[in-house]
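Reminder, nothing fancy here: chain letters follow the sequence lines and each chain counts from 1.
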2 protein chains.
Amino acid sequence: MKKKKIIEPRVLKGFRDSLPAEELKRKELQRKLEETFQNFGFVPIDTPILEYTEILLGKGSGETDKQIYRFEDHGGRDVAMRFDLTVPFARYIAAHLQELQLPFRRYHIGKAYRGENTQRGRFREFYQCDFDIVGADSVSADFEVLSMVGTSFKNIGVGDVVIRISHRGVFRSLLSRLDAADKTTEILRTVDKIAKIGPEKVKQELTEISDEGRAGKILSFIRKKDTPAETLDAMAAAVGKDDPAVERLRSLFSLIENTELSGTAVIDPSITRGLDYYTGLVFETFLTENPAIGSVCGGGRYNDLASLYTKEQIPGVGGSIGLDRLLAALEGMEDSSPPSFPGNVLIFCMDEKYLPFYHRLAEKFRNNGMGTEVFPEPKKIAAQFAYAERRNIPLGIICGEDEIREGRINLKNLVTRESFPNLDEKNAVQTAARLLGKSREGSVH
Amino acid sequence: MKKKKIIEPRVLKGFRDSLPAEELKRKELQRKLEETFQNFGFVPIDTPILEYTEILLGKGSGETDKQIYRFEDHGGRDVAMRFDLTVPFARYIAAHLQELQLPFRRYHIGKAYRGENTQRGRFREFYQCDFDIVGADSVSADFEVLSMVGTSFKNIGVGDVVIRISHRGVFRSLLSRLDAADKTTEILRTVDKIAKIGPEKVKQELTEISDEGRAGKILSFIRKKDTPAETLDAMAAAVGKDDPAVERLRSLFSLIENTELSGTAVIDPSITRGLDYYTGLVFETFLTENPAIGSVCGGGRYNDLASLYTKEQIPGVGGSIGLDRLLAALEGMEDSSPPSFPGNVLIFCMDEKYLPFYHRLAEKFRNNGMGTEVFPEPKKIAAQFAYAERRNIPLGIICGEDEIREGRINLKNLVTRESFPNLDEKNAVQTAARLLGKSREGSVH
């Protein structure tokens, strides 16, 4: 035998292990989101994490090129790990157009990879959560996506949110009128930074890109007015009453006002989204109680999603939720409950010879919907209590020789220390269910 | 603008897109498994897909080395994509020993990567589903893992399964008695193939490895007897009455006989598992209705899981479910239901001017737990019916000018074609809920 060398159990910089408490929270968040998505008729898809580099970089900018995990596989193919879920989705739509029913409502939750500078607090492996309605260019689809965003945030319990919406077309018309259409991309990207760098800095940058007069007009345009109606009127005044983009925004807003989304979605002309491919609606979502973390969900309408991979023009509207950022926000919220582990009942192990009794009892508890473990070894009882406490297991079953001989069960509320001795099996199951039933999370008072 | 070249939307060989119907089934299977795991007190974890190659290959055989996706990252690090969930878990345990509570029950469902020969029907990106109890070497933990396997398969509804169990220690004792301990690994791997290649071929290979006398004795040893008691007695006769491994197997079997696992878990001395690291219990699970697809869940006990990464000796017992194989099996089963899409109600779009009405109604249906979509464009009604049919949406709401003016709602059962005209909003919601409530899957009769 070779002499053993210990390998340091480290993970790569920018990568993380997920401990059970975090992983349970992530799964719970994901479950609530998926439930909402499915309630809106959205269906899940998945794509490979590894793709041909050619596919992934079709749309890539220089920045992405540098960050992508790219290599040559065993067959000499140029391959790379996906850096978002948008590009693979465009490829997916082009590949499966004949099999999918349009309009196609889909969501996709999965990991993506970027070799980013970790000093900026970014991770190199991170979750994306995307959703889209593909195959319809209509105000109804625009609204349904916004409505789903509003409902999603309501269902995950992060308090109120505000969804700030605008329309790329209005901005483009304005720049056209200002004779600045050739600078559209730079101007959009600058305005997009307003929440981060403030209006003064934006104005200064816009002046450098264009001139002071235009910078002033843009700043005046993106300022929100007192009411949605006034904001819409000001937009119309800036680009013309008949501008179809303003009309579309007006129709969208009349749908919003009519539903539960009223008050949550507001018109904000400063919303641009930096990315080139948006052509209509654009939106960003902020937590009312925690606006500082920035947008937790953004998106918009694009009218040729898959043009790199097919000649068919495929319109769509969708968005993306920043899961990692949202989890961090949930972590910091006051009403965030302590990690709720799945175990409800711990059956203490007093002696291995009683294992048949313990395991049969565990079966009964599980069959009645209570998460149950048998402590696997006859360790000191203090060690078993300590384990239950660290795991937040609220109920214990403690049965030794006397109890088992006489067919009695001792149930203990490990939180309050209250004991329920001398129960028969049926009573033990009922009492435990009653104690656990008092709260949704399975904790016992 | 550059002239556009269409990129072929292909995926890499051995990789797959997941279409909604498959993805819904996979998620449903995963949900049922996770529910069962949590009912046994198991908690989820996750690890990065990308790790230092040194970590992943610490335990690798030559075969793994060739198949691993390995490359140099931007920082010049030698990195690789995980090829299973076992090695990352060993690293994880070593890294987080202080933060975890032992005994630690965990599960992990995630993707892994191997550049395998796809001609063998293997995929290069595939799911693994692993679960373990770490930190206890006891028959109770062995039993709990088997009990969870039995319950998992019951809950996912694949019909009856048989869990074939044995103990490595008994086999080792036998080889020791036969003076063939130096050939243990080869012999174990050969016996492991018995389900695939049959006893004749195994005997022939064993004769080549050792000799005919020993091959005969091994073949006789691994033959199952008529009853578990007889099998245990034959094992004891082969290796000695006091052999601790036979004793352990006897204790385990007395727990099994006492619970719902009785009849499902059987002792089968031919079960060896090919892998070196098992030291105690070994098991394989077969579908009674579909044994040909091979083992759908195997595992066992190992007593130094993390020895490459820590000096602490960490015993454990666990298993792994072949999710892809199981999904394929579910696909082929007779009672496999057609894909159940999440949409319950489609609100037809007769004219865009009624969108405020449609979307407010959609909100009502969703708030009452019914997955609801508004068709996003005023397309021909036949196209909207066709969409509902392809998506398996059972209920339609069809309201045009007259209905909306008079506040009436037309509900249609799209399966039976039955109509429910002239409903008010409350009645429409109640009628739809009643129709959907008739079956668990949301289909309407």
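Nearest heavy atoms, B:Arg390 versus A:Leu102: NH2-O, 4.3 Å. Shortest non-hydrogen contact noted between B:Pro356 and A:Asn258 is O-ND2, 2.8 Å. The shortest heavy-atom contact between B:Pro44 and A:Glu23 is O-CB, 3.5 Å.
The choice from A:Asn367, A:Ile393, A:Asp73, A:Val345 that makes the most heavy-atom pairs within less than 4.5 Å of chain B is A:Asn367. In terms of heavy-atom pairs under 4.5 Å with chain B, the best-connected choice from A:Glu72, A:Arg106, A:Glu34, A:Glu99 is A:Glu34. The candidate with the highest count of non-hydrogen atom pairs below 4.5 Å against chain B, out of A:Lys311, A:Arg31, A:Arg105, is A:Arg105. Interface remark: of the candidates B:Ile45, B:Thr36, B:Thr47, B:Ile45 forms the most heavy-atom pairs closer than 4.5 Å to chain A. Ranked by heavy-atom pairs under 4.5 Å with chain B, the list A:Leu261, A:Asp46, A:Val43 is led by A:Asp46. If you tally non-hydrogen atom pairs under 4.5 Å between each of A:Lys27, A:Glu51, A:Arg16 and chain B, the highest count goes to A:Lys27. For the options A:Ala136, A:Pro103, A:Gly371, heavy-atom pairs under 4.5 Å to chain B are most numerous at A:Pro103. Among B:Phe15, B:Phe40, B:Phe375, B:Tyr358, the residue making the largest number of heavy-atom pairs under 4.5 Å with chain A is B:Phe40. Taking B:Asn39, B:Ile256, B:Leu255, B:Leu100 one by one and counting their heavy-atom pairs under 4.5 Å with chain A, the maximum is reached by B:Asn39.
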Could you go through the side-chain contact (heavy atoms from CB on, under 4.5 Å) check for B:Leu19 and A:Tyr92 one step at a time?
-> CA-CA 9 Å; B:Leu19 289 166; A:Tyr92 181 97; 3.3 Å; yes

With side-chain contact (heavy atoms from CB on, under 4.5 Å) as the test, would you mind laying out the steps for A:Lys111 and B:Lys111 before giving the verdict?
-> CA-CA 11 Å; A:Lys111 287 175 170 181; B:Lys111 287 175 170 179; over 6 Å; no

When you look at A:Ile49 and B:Glu125, which way does the side-chain contact (heavy atoms from CB on, under 4.5 Å) test go after all the steps?
-> CA-CA 8 Å; A:Ile49 282 179; B:Glu125 178 179 62; 3.7 Å; yes

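By the neighbour-count criterion of 12 heavy atoms within 6.0 Å, atom CD of B:Glu257 is densely surrounded, having more than that number from other residues, nucleotides or ligands. When the shell of 6.0 Å around NZ of A:Lys364 is examined, it contains 12 or fewer heavy atoms from other residues, nucleotides or ligands.
At a 4.5 Å heavy-atom cutoff, the contact between A:Tyr107 and chain B is made by side-chain atoms alone. Residue A:Thr310 touches chain B through its backbone alone, counting heavy-atom pairs closer than 4.5 Å. For A:Phe143, the part lying near chain B is the side chain, with the backbone staying farther off; criterion is any non-hydrogen pair under 4.5 Å. With a threshold of 4.5 angstrom between heavy atoms, B:Met370 approaches chain A through N, CA, C or O but not through any side-chain atom. With a 4.5 angstrom heavy-atom cutoff, B:Asp137 touches chain A only via backbone atoms. The contact between A:Tyr52 and chain B is made by backbone and side chain atoms together, counting heavy-atom distances below 4.5 Å.
Of the inter-residue distances, the one linking B:His74 atom NE2 with A:Arg114 atom CZ reads 12.0 Å to the nearest 0.5 angstrom. Between the CD atom in A:Gln38 and the CZ atom in B:Arg366 there is a gap of 13.5 Å [rounded to 0.5 Å].
Under the 4.5 Å side-chain criterion, counting only non-hydrogen atoms from C-beta, B:Met81 is in contact with A:Leu50.
With B:Ser138 contributing its side chain and A:Glu377 its backbone, the two residues share no donor-acceptor pair below 3.5 Å. In this structure, A:Glu144 contributes its side chain and B:Val374 its backbone to a donor-acceptor pair below 3.5 Å.
Residue pairs meeting the salt bridge (charged side-chain N to carboxylate O under 4.0 Å, His left out) criterion with at least one member in residues 352-363 of chain A, sequence neighbours excluded, are A:Arg360-A:Glu425.
Ring planes of A:Tyr69 and B:Phe71: perpendicular class, angle over 60° (limits at 30 and 60°).
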N/O donor-acceptor pairs under 3.5 Å from side chains in residues 6-14 of chain B, not counting sequence neighbours:
none

